Amino acid sequence: MSGGVRIGLKDLHIAKLLSDDIAGAVYSVPKKYSGVISAKITPSSTTETLYADDGAAETATALGEITVEINLKDLTLEQQAELLGGTIIDGILVKKDSDTAPYVAVAFRSKKSNGKYRFKWLLKGRFSLPAEEYKTQGDKPEFQTPVISGVFVKREFDGWWEVTGDEDMPGFTLADVWFNKVYALGDKGGSGSASGVPVFITPNQVVIQ
């Protein structure tokens, strides 16, 4: 049984979702985004109640969109182009009205009070352009850090939207390889090293590299 209380956040990684259909899902190799400050995940759901014989008889709940908000120390121009759309030309980020943010998977880990970590992958989502605020420098420096917000949904081919692992949970062996690729059922510690090759996850969770 895992224990401890979450007290930290580090090692934000993002992988592009290259395809998601009945044949499976294809992801790029995850990239680390340094300087994560906070992450907030807010799932939504709708519940309907069936009434019969003058009373509530059945309820049904459906998952809605999942809102994800991430605060970072900074987003480089290259990262903005990768994550939000845009093109780098001669060292300059150019944004067009036709730019489209790609679907991505997001991973991070959170330290717990017992010294172990909780690991997480969010499997399919898209971030939107963030608000930007600039202030003149006063007597005391005020840090101005970007916050990106996105909407995540379930994967098309299997319905998965999130996976979570606790380092102190019996049977969990993926602490050393969690960020090497997007998690697939059957992954074991010491396997799945980053190879630079996109990972194809089939409907039966077989991973092909």
Side-chain angles (χ1 to χ4, degrees), residues 8-20 24-41 66-96 99-111 117-130 132 145-153 155-157 160-165 167 174-185 187-201 205 207-209:
L9 175 66
K10 65 188 300 185
D11 293 335
L12 176 69
H13 284 69
I14 293 177
K16 285 187 178 181
L17 176 58
L18 305 177
S19 66
D20 173 30
V26 181
Y27 291 94
S28 67
V29 175
K31 291 184 178 181
K32 184 175 181 178
Y33 280 49
S34 298
V36 63
I37 297 171
S38 65
K40 182 179 180 181
I41 304 166
I66 302 102
T67 302
V68 176
E69 188 175 272
I70 300 175
N71 184 201
L72 298 110
K73 183 178 67 174
D74 189 29
L75 269 178
T76 68
L77 296 184
E78 293 89 346
Q79 290 171 338
Q80 290 183 48
E82 289 178 349
L83 194 58
L84 304 171
T87 307
I88 301 293
I89 302 175
D90 297 330
I92 297 172
L93 174 61
V94 178
K95 299 178 182 179
K96 300 183 296 184
D99 291 337
T100 301
Y103 279 113
V104 296
V106 173
F108 54 81
R109 61 175 176 159
S110 173
K111 191 174 184 179
Y117 283 89
R118 171 162 294 176
F119 295 82
K120 191 174 290 289
W121 269 108
L122 297 161
L123 300 173
K124 182 179 182 179
R126 180 178 281 163
F127 288 97
S128 56
L129 292 171
E132 294 185 73
T145 58
V147 177
I148 53 174
S149 297
V151 174
F152 280 66
V153 295
R155 270 194 316 216
E156 197 68 31
F157 87 94
W160 287 25
W161 68 272
E162 180 188 65
V163 290
T164 305
E167 190 176 8
L174 300 175
D176 294 333
V177 298
W178 187 258
F179 303 111
N180 287 351
K181 62 181 182 66
V182 176
Y183 171 79
L185 197 65
D187 283 351
K188 298 295 182 182
S191 67
S193 59
S195 63
V197 178
V199 173
F200 176 44
I201 305 173
Q205 291 294 315
V207 175
I208 303 173
Q209 287 182 294

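Because the structure is a prediction, the values reported are computed rather than measured.
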Inset, instruction - Ignoring hydrogens and angles, state whether a donor on the side chain of Thr145 or Lys73 is under 3.5 Å from an acceptor on the partner side chain. - result: no
Legend entry - Evaluation steps, side chain to side chain contact (heavy atoms under 4.5 Å, CB included), between Val106 and Tyr33: CA-CA 10 Å; Val106 173; Tyr33 280 49; over 6 Å; no
Legend entry - Trace of the side chain to side chain contact (heavy atoms under 4.5 Å, CB included) decision for Ile14 with Glu82: CA-CA 10 Å; Ile14 293 177; Glu82 289 178 349; over 6 Å; no
I'd like to know if the side chain of [X] reaches the main chain of [Y], judged simply by a donor and an acceptor atom lying under 3.5 Å from each other, with no hydrogens or angles considered.
X: Ser128; Y: Gly150; answer: no
X: Ser149; Y: Thr67; answer: no
X: Gln80; Y: Leu75; answer: yes
X: Trp121; Y: Ala184; answer: no
X: Asn71; Y: Pro146; answer: yes

Legend entry - Minimum heavy-atom distance between Glu167 and Phe119, given as atom pair plus value: CB-CE1, 4.1 Å
Inset, instruction - Measure across Tyr27 and Ala105 and return the closest heavy-atom pair with its distance rounded to 0.1 Å. - result: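 Heavy atoms of Tyr27 and Ala105 come nearest at CE2-CB, 3.6 Å.
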Legend entry - Residue pair Phe108, Val36: steps toward the side chain to side chain contact (heavy atoms under 4.5 Å, CB included) verdict: CA-CA 9 Å; Phe108 54 81; Val36 63; 5.8 Å; no
Inset, instruction - Please report the C-alpha distance between Ile66 and Glu162 in whole Å, then the side-chain angles of each, then the deciding distance to 0.1 Å, and finally whether the side chain to side chain contact (heavy atoms under 4.5 Å, CB included) criterion is met. - result: CA-CA 10 Å; Ile66 302 102; Glu162 180 188 65; over 6 Å; no
Legend entry - 4.5 Å side-chain heavy-atom contact, Pro130 and Ile148: yes
Inset, instruction - Kindly determine whether Arg155 and Asp20 satisfy salt bridge (charged side-chain N to carboxylate O under 4.0 Å, His left out), including the steps that lead there. - result: CA-CA 7 Å; Arg155 270 194 316 216; Asp20 173 30; 5.3 Å; no
Legend entry - Tyr103-Phe127 aromatic ring centre distance below 6.0 Å: no
Inset, instruction - Look at atom NZ of Lys31 and say whether more than 12 heavy atoms of other residues, nucleotides or ligands are closer to it than 6.0 Å. - result: no
